[in-house]
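Residue numbering restarts at 1 for every chain, and letters A, B, ... go by the order of the sequence lines.
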Amino acid sequence: MALQVYNTLTNKKEEVVPVTPGKITMYLCGPTVYDYFHIGNARPFIVYDIFRRYLKYRGYDVKFVMNVTDIDDKIITKAIKEAVPASEVAGKYTNAFFEDLEKLGVEPADEYPKATENINEIIALIERLIDKGLAYQIEGDVYYSVAKFSGYGKLSGKNIEELKSGARIEIDARKKNPLDFSLWKAAKPGEPAWDSPWGKGRPGWHIECSVMSMKYLGETIDIHAGGSDLVFPHHENEIAQSEGASGKPFVKYWMHNGFLNIEGEKMSKSLGNFFTARDIMKKYHASVIRMFFLQKHYKSPVSFSEDRILESQNALERIITAMQNIDIVLKDIDFEDNDDQKVVEQIAGLKSEFLKNMDDDFNTAGAMSNIFDLVKEANHILSKTSLLREDYITLKEIRAIIEEFDSFLGILSYKEEMHTSVSEDSLISILLDVREQLRKEKLWNLSDEIRDKLANLGVEIKDYPDKTIWMKKIKS
RNA sequence: GGCGGCGUAGCCAAGUGGCUAAGGCGGAGGUCUGCAAAAUCUCUAUUCAUCGGUUCGACUCCGAUCGCCGCCUCCA
């Protein structure tokens with residue numbers, strides 16, 4: 001089955017046919033850097049990271065761009081509050097953004113263009129829109145005239161007349177239409193500003209994504225993604241700007257992820273009901289957070305709570321433990337590398353189920369169940385008293401395939417990074433050596449005391465016939 | 001009011017017009033183990049919000065009702 005994606009533009013699942021065969025251009029609306037991002041903001045960063053890597057795994061040449069909005073009302077407000085330059089606020093949280101992304105195991109985008117580094121291009125696009133009669137200038141501000149763009153509303157399914165009658169739209173008497181949005185904002189005293197044909201000012205929020213998408217990926221791109229709250233007005237406005245200027249379709253497939261709710265409400269900065277990703281990661285491994293999102297469909301709303309995260313942690317440990325157990329069994333086995341045809345076919349069947357789910361609008365929740373099918377098969381073999389040659393081959397295959405999938409899932413690092421501190425590692429290994437001696441002498445009281453005390457410190461021990469392994473674990 | 005989405009076991013969560021409705025977490029019991037942990041085996045939805053309709057047949061399609069959420073204002 002070919003790769004299918006739910007397209008917000010058509011409200012249907014569609015087969016992905018790239019603009020250029022074999023290549024995928026993908027744009028994700030990035031952060032406004034005025035604060036640390038929260039765990040809800042992390043969702044698109046993680047899920048589209050997984051999708052992008054999956055597309056690469058499937059053989060597409062993927063070019064992925066995410067913008068950084070580094071000039072904006074919120075940044076200015078924060079800068080005033082903290083009595084520092086806006087650029088300092090932006091700089092600080094841009095750095096934090098990259099740090100957190102890396103910790104989340106997100107592969108760097110091909111480009112991270114910043115608004116302030118594309119002012120000339122932004123001005124050029126606004127001029128183009130003015131020339132085409134789609135935008136107009138008032139006292140140093142420039143507005144987009146939505147009535148001039150016939151496709152306005154096609155993404156969000158809204159029409160201009162209905163929107164106009166909506167009570168929540170702020171009326172600015174200078175605008176031709178209340179829905180007209182700003183492309184360029186005249187500078188107020190003390191605000192950061194750039195020279196432009198309309199005087200000193202700064203770009204509106206929507207224009208930068210149009211500029212950067214077209215600049216780095218072309219006038220028509222394959223996938224443009226973001227949270228579902230961006231459908232209107234942000235993405236609607238991007239279409240108006242981009243298609244208004246280029247006359248070409250802006251995006252083939254619009255993808256929108258669902259929200260993270262907390263106690264039934266959307267997690268958001270303005271509601272104040274949020275946890276920053278960096279705080280969550282102090283307590284839970286990034287792989288656990290990825291697992292949490294992987295177990296849900298990206299379009300569904302998700303409730304956040306520590307219980308849910310813990311559930312994901314336990315589920316992830318089932319996979320990790322199986323991988324460790326396979327390693328222990330396979331470690332001393334030397335078998336010639338000739339594959340068993342029956343095994344290969346069986347595993348290929350399980351593999352194709354997984355890929356089928358991923359191809360179906362990135363059904364990661366379904367795909368994860370296929371991973372657990374593999375885990376179950378491996379555990380089943382591991383529990384047998386004596387293993388046949390084909391058992392070893394099956395284990396080897398299962399291990400390889402899960403590792404292969406992890407090239408885009410990014411969850412197996414849980415194991416490795418639970419052992420980060422060298423000094424801690426060596427101390428524990430000494431304790432375990434001692435305990436091993438005690439166990440040989442059947443001094444169970446002492447050996448159990450070591451185990452229990454380590455457990456109190458969050459170091460969990462598992463005894464196997466020929467070795468003992470340990471990992472750090474957070475208990476609820 | 002308009003637009004979009006959702007309601008599947010104790011919890012999380014896939015899914016299909018028709019064989020036994022995935023998987024995970026949690027729970028119960030048995031096995032294994034010095035004890036733990038891990039693992040394994042068995043059990044944990046005669047039923048998919050409610051009510052109608054279409055159909056030989058629907059949880060899956062259509063309509064209505066109830067409930068929940070998002071967007072319509074900055075927002076992932």
Side-chain angles (χ1 to χ4, degrees), chain A residues 8 11 28-32 34 37-48 72-74 77 153 156-159 161-163 165-170 179 205 225-234 236 256-261 264-271 291-292 294-297 299-303 305 307-319 321-322 324-325 328 353 357 360 363-373 375-376 378-385 439 442-445 447-448 451-452 455 460-465 468-471 473:
Chain A
T8 310
N11 281 330
L28 174 62
C29 290
T32 299
Y34 70 102
F37 65 82
H38 62 64
I39 191 73
N41 299 129
R43 187 177 193 186
F45 302 150
I46 290 171
V47 298
Y48 298 115
D72 167 270
D73 289 354
K74 286 185 171 168
T77 306
S156 53
K158 301 181 187 307
N159 72 60
E161 288 313 308
E162 276 170 8
L163 283 168
S165 59
R168 296 173 77 186
I169 291 164
E170 193 185 327
L179 294 172
W205 175 45
S228 55
D229 57 346
L230 296 183
V231 173
F232 190 89
H234 185 56
E236 197 70 71
H256 294 97
N257 60 276
F259 280 100
L260 194 70
N261 296 326
E265 265 186 324
K266 168 179 163 184
M267 182 183 285
S268 82
K269 297 260 174 68
S270 39
L271 291 172
M291 185 71 186
F292 174 76
L294 279 166
Q295 286 180 295
K296 284 98 185 156
H297 191 96
K299 285 204 305 289
S300 306
V302 166
S303 290
S305 74
D307 285 350
R308 293 293 90 68
I309 295 284
L310 239 19
E311 256 182 40
S312 294
Q313 178 172 270
N314 289 341
L316 176 58
E317 278 181 8
R318 184 171 162 80
I319 299 172
T321 302
Q324 287 174 338
N325 291 346
I328 289 166
E353 286 299 305
N357 274 315
D360 181 13
N363 183 358
T364 56
M368 290 315 288
S369 77
N370 301 127
I371 296 272
F372 283 105
D373 290 339
V375 167
K376 197 183 193 95
N379 283 336
H380 188 72
I381 292 171
L382 289 166
S383 70
K384 300 205 303 199
T385 43
R439 291 179 74 218
K442 299 199 188 304
L443 296 169
W444 308 121
N445 287 348
S447 68
D448 287 357
R451 181 182 64 208
D452 296 344
E460 195 162 279
I461 286 174
K462 297 175 190 171
D463 290 328
Y464 287 87
T468 295
I469 66 169
W470 64 274
M471 72 195 308
K473 183 169 182 182

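Look at A:Arg43 and you won't find any side-chain N or O under 4.0 angstrom from OP1 or OP2 of B:C75. Checking the phosphate oxygens (OP1, OP2) of B:C41, a side-chain nitrogen or oxygen of A:His380 falls inside 4.0 Å. Residue A:Arg318 places at least one side-chain N or O under 4.0 Å from the OP1 or OP2 atom of B:G24. Contact annotation: A:Lys266 reaches the phosphate of B:C71 (side-chain N/O to OP1 or OP2, under 4.0 Å). Considering only side-chain N and O atoms, A:Asn261 lies nowhere under 4.0 angstrom from the phosphate OP1 or OP2 of B:G70.
Partner assigned to B:C71 is B:G2, using Watson-Crick or G-U wobble distances below 3.5 angstrom.
In terms of polar N and O atoms assigned as donor or acceptor, the side chain of A:Arg439 comes within less than 3.5 Å of the base of B:G34 in a complementary pairing. Between the side chain of A:Lys269 and the base of B:C75, no donor-acceptor pair of N or O atoms lies under 3.5 Å. Put simply, the side chain of A:Arg451 and the base of B:C35 share a donor and an acceptor less than 3.5 Å apart.
For B:U33 and B:C48, the C1' atoms lie 41 Å apart once the distance is rounded to whole Å. B:G26 sits 7 Å from B:C11 when the C1' atoms are compared, rounded to a whole Å. Across B:A14 and B:C25, the matching C1' atoms stand 15 Å from one another, rounded to whole Å. For the P atoms, the distance linking B:G15 with B:C61 amounts to 12 Å, nearest Å. Spacing of P atoms, B:U54 relative to B:A21, comes out at 26 Å, to the nearest Å. As rounded to the nearest Å, B:C56 and B:U20 have C1' atoms that lie 22 Å from one another. Rounded to whole Å, the C1' atom of B:G57 lies 6 Å from the corresponding atom of B:G18. Comparing B:C51 with B:A58, their C1' atoms sit 15 Å apart, to the nearest whole Å.
Annotation: ring pair (Phe, Tyr, Trp, His ring centres under 6.0 Å) contacts of A:His256 (sequence neighbours excluded): A:His235.
In the displayed structure, A:Lys384 atom NZ is contacted under 6.0 Å by more than 12 heavy atoms of other residues, nucleotides or ligands.
The existence of a salt bridge linking A:Lys376 and A:Asp373 is excluded, since no basic side-chain nitrogen approaches an acidic carboxylate oxygen closer than 4.0 Å.
For the residue pair A:Asp463 / A:Thr468, a side-chain donor-acceptor distance below 3.5 Å is found, with atom types taken as modelled.
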